[in-house]
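Data block below; observations after.
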Amino acid sequence: MENVLAILLAGGTGERLFPLTRDTAKPAVPFGGAYRIIDFTLSNCINSGLRRIFVLTQYKSLDLIRHVRDGWNIVSPELHEFIETLPPMKRVSDDWYQGTADAVFQNFQSIEAEAPAHTLILAGDHIYAMNYQEMMDWHVRHNADITIATLGVQPDHADRFGIASWRLKRSPSMETRCVRRSIPAA
C-alpha cells in the first residue's frame, strides 16, 4: 500500500495472560513454537502490502524488540521499507505511555517525519487474519475521516471486549473492556 504507515500498539502488560506475561509483553508471548502473538498482525501487514511499520513498545519489551529485529528483517530499506520498534522516548511529556492514544500522540514526530497519506493503527496483541488493503480501499472510496474495524459479539461475551455501538446519524460511543460507563467518541 503506497504511502500508508502502520502503527502496531505492542506495549501492553497482558494481565489476563499472566504468568505468560510475567517476563515479557503480551505481543511477545510465544505462539505455536517459534512464533509470537505479534506475528499475526505483522503477517497481516506484509500480506496486505504494508511495508512501513512502527511497533510501539513499552512493557518488558526486550524479547519483542529482539523478535522483530531477528525474525522480521524481510523488508528493503533501499525502497524506504521498514519494521521499526519505537520504545517510549518521553518526547512530549515526562510520562510513559498513558494508553493507546497517548502512545500514538507521543510518537507524532516519528509519524509526521514519514509523511503518510494514511495511518493504520493496529493492535499488536490480537490473533486474527485480515486484509488491510480491503479496509483501506473502503476508507478511500468513502472519503472517510476515520474507519474502525470491529466484529460483533454476543451480549453475554461483551464484558471481555471493548464495545462500540452506532446509531444512524448519531455519534458513535465506545465502552472499554470491563468498564460499564459509556465513553463518547471524539
Side-chain angles (χ1 to χ4, degrees), residues 1-14 24-28 36-46 48-69 72-73 75-126 128 130 132-133 135-150 162 164 171-177 179 183-186:
M1 278 189 269
E2 294 278 331
N3 207 13
V4 177
L5 176 65
I7 299 173
L8 279 61
L9 302 170
T13 58
T24 193
K26 182 179 175 187
R36 307 292 176 118
I37 290 174
I38 197 169
D39 292 340
F40 286 89
T41 308
L42 285 169
S43 179
N44 288 338
C45 287
I46 297 300
S48 298
L50 284 163
R51 302 288 194 279
R52 296 170 55 210
I53 304 166
F54 284 148
V55 179
L56 308 187
T57 65
Q58 181 164 274
Y59 175 81
K60 297 184 180 179
S61 60
L62 183 58
D63 286 346
L64 179 61
I65 291 168
R66 287 179 174 164
H67 176 72
V68 170
R69 179 195 67 203
W72 286 94
N73 56 353
V75 294
S76 174
E78 293 81 14
L79 299 174
H80 195 58
E81 299 175 346
F82 58 85
I83 300 174
E84 185 174 351
T85 55
L86 296 177
M89 293 179 271
K90 297 186 176 186
R91 286 188 199 162
V92 177
S93 72
D94 289 333
D95 294 321
W96 297 110
Y97 300 149
Q98 300 298 306
T100 55
D102 188 54
V104 174
F105 176 70
Q106 287 200 35
N107 284 284
F108 187 75
Q109 288 175 317
S110 296
I111 297 165
E112 195 173 52
E114 292 303 319
H118 300 284
T119 304
L120 188 60
I121 300 173
L122 305 164
D125 61 357
H126 293 181
Y128 66 102
M130 182 175 180
Y132 303 133
Q133 181 66 59
M135 184 172 66
M136 288 303 303
D137 289 346
W138 187 97
H139 177 82
V140 170
R141 189 170 54 254
H142 290 86
N143 197 29
D145 293 323
I146 185 170
T147 301
I148 302 173
T150 62
S171 298
S173 66
M174 297 191 78
E175 189 171 302
T176 59
R177 174 181 52 241
V179 176
I183 302 170

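Scored by the ring pair (Phe, Tyr, Trp, His ring centres under 6.0 Å) test, His126 finds no partners at all (sequence neighbours excluded). Take Trp96 and apply the ring pair (Phe, Tyr, Trp, His ring centres under 6.0 Å) test, not counting sequence neighbours, and it matches no residue. In this structure, the ring pair (Phe, Tyr, Trp, His ring centres under 6.0 Å) partners of Phe82, at least two apart in sequence or on a different chain, are Phe54, His80. With sequence neighbours left out, Tyr59 forms a ring pair (Phe, Tyr, Trp, His ring centres under 6.0 Å) with no residue at all.
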Next on the checklist: Does Ile111 form a side chain to side chain contact (heavy atoms under 4.5 Å, CB included) with Ile7? I'd like the steps, not just the answer.
Outcome noted: CA-CA 9 Å; Ile111 297 165; Ile7 299 173; 3.3 Å; yes
Item to check | Check against side chain to side chain contact (heavy atoms under 4.5 Å, CB included), Cys45 and Leu122 | outcome: CA-CA 10 Å; Cys45 287; Leu122 305 164; 3.6 Å; yes
Next on the checklist: side chain to side chain contact (heavy atoms under 4.5 Å, CB included), that's the test. Do Thr147 and Met136 meet it? Break it down for me.
Outcome noted: CA-CA 8 Å; Thr147 301; Met136 288 303 303; over 6 Å; no
Next on the checklist: For Thr100 and Leu56: C-alpha separation, side-chain torsions, deciding distance, then whether side chain to side chain contact (heavy atoms under 4.5 Å, CB included) applies.
Outcome noted: CA-CA 9 Å; Thr100 55; Leu56 308 187; over 6 Å; no
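Legend: salt bridge (Lys or Arg N to Asp or Glu O under 4.0 Å) pairs involving residues 86-95, not counting sequence neighbours: none detected. Residue pairs meeting the salt bridge (Lys or Arg N to Asp or Glu O under 4.0 Å) criterion with at least one partner in residues 105-114, sequence neighbours excluded, are Arg52-Glu114.
Atom CG of Leu5 and atom CZ of Arg51 lie 14.5 Å apart (nearest 0.5 Å). Taking CZ of Arg36 as the start and OG1 of Thr24 as the end, the distance is 6.5 Å to the nearest 0.5 Å. Atom CH2 of Trp72 sits about 8.0 Å away from atom CD1 of Ile53, to the nearest 0.5 Å. Note that CD1 of Ile83 and CG of Leu50 are 10.0 Å apart. Values are rounded to the nearest 0.5 Å. To the nearest 0.5 Å, atoms CG (Asp39) and CG (Asn44) are separated by 10.5 Å. Interatomic distance, OG of Ser43 versus CE of Met130, reported as 14.0 Å (0.5 Å rounding).
Residue Val55 is tested with Thr85, Leu86, Ile65 for a side-chain contact (heavy atoms from CB on, under 4.5 Å); the sole match is Thr85.
Contact detail for Gln58 and Pro88: the closest heavy-atom pair is OE1-CG, 3.6 Å. Residues Ala10 and Leu64 come closest through the heavy atom pair O-CD2, 3.5 Å. Residues Asn3 and Pro116 approach most closely at OD1-CA, 3.3 Å, considering heavy atoms. Of all heavy-atom pairs spanning Pro87 and Thr57, the tightest one is CA-OG1, 3.4 Å.
Side chain of Thr41 to main chain of Ala123: a donor-acceptor pair is present (N/O by atom type, distance under 3.5 Å, no hydrogens or angles). Side-chain atoms of His139 come within 3.5 Å of backbone N or O of Ala144 as a donor-acceptor pair. In this structure, His142 contributes its side chain and Trp138 its backbone to a donor-acceptor pair below 3.5 Å.
Side-chain atoms of Val92 and Gln109, non-hydrogen and from C-beta on, never get closer than 4.5 Å to each other.
Few gaps surround CZ on Arg69; more than 12 heavy atoms of other groups in view lie less than 6.0 Å from it.
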